[in-house]
K.L.:
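Sharing a structure below in structure tokens format, with a few things to ask.
All values derive from a computational prediction rather than experimental measurement.
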Amino acid sequence: MSRSIRHTPIAGITTAGSDKWAKRRAQGSWRQAVRVAVGKGKEVLPELREVSNVWSMPKDGKRWYGVRRWPEVFRK
């Protein structure tokens with residue numbers, strides 16, 4: 001296998017596999033809040049950060065890793 005290791009030294013800071021379900025839930029609640037605001041005739045629509053909390057999501061972002069120090073991060 002020619003690409004059996006990760007070539008970019010960036011990985012997530014967590015053991016969670018994906019953040020997709022949390023992002024979909026946050027986006028859905030934001031769309032619902034916008035629909036309610038439009039229905040009430042409000043001029044200012046809510047922002048995504050007002051209806052969701054990024055600190056409650058499974059991942060905490062990404063980090064650069066050293067290849068020699070953490071070789072297990074680079075295994076696919």
K.L.:
Linking directly or through intermediates, with side-chain heavy atoms under 4.5 Å: list the remaining ILVMFWY members grouped with Met57, chain and number order.
P.N.:
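Reading the cluster by chain and number, Met57 sits alone, since nothing else belongs.
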K.L.:
Show which residues join Val44 in its hydrophobic cluster (side-chain heavy-atom contacts under 4.5 Å, direct or indirect), or state none.
P.N.:
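Same cluster as Val44: nobody, lone residue.
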K.L.:
Tell me which donor-acceptor pairs under 3.5 Å the side chains of residues 25-41 have, and how far apart each pair is, sequence neighbours excluded?
P.N.:
from	atom 1	to	atom 2	distance (Å)
Ser29	OG	Arg25	O	3.4
Ser29	OG	Ala26	O	2.9
Trp30	NE1	Pro46	O	2.9

K.L.:
Apply the hydrophobic cluster definition, ILVMFWY joined by side-chain contacts under 4.5 Å directly or through others, and give me every member besides Val54.
P.N.:
Trp55
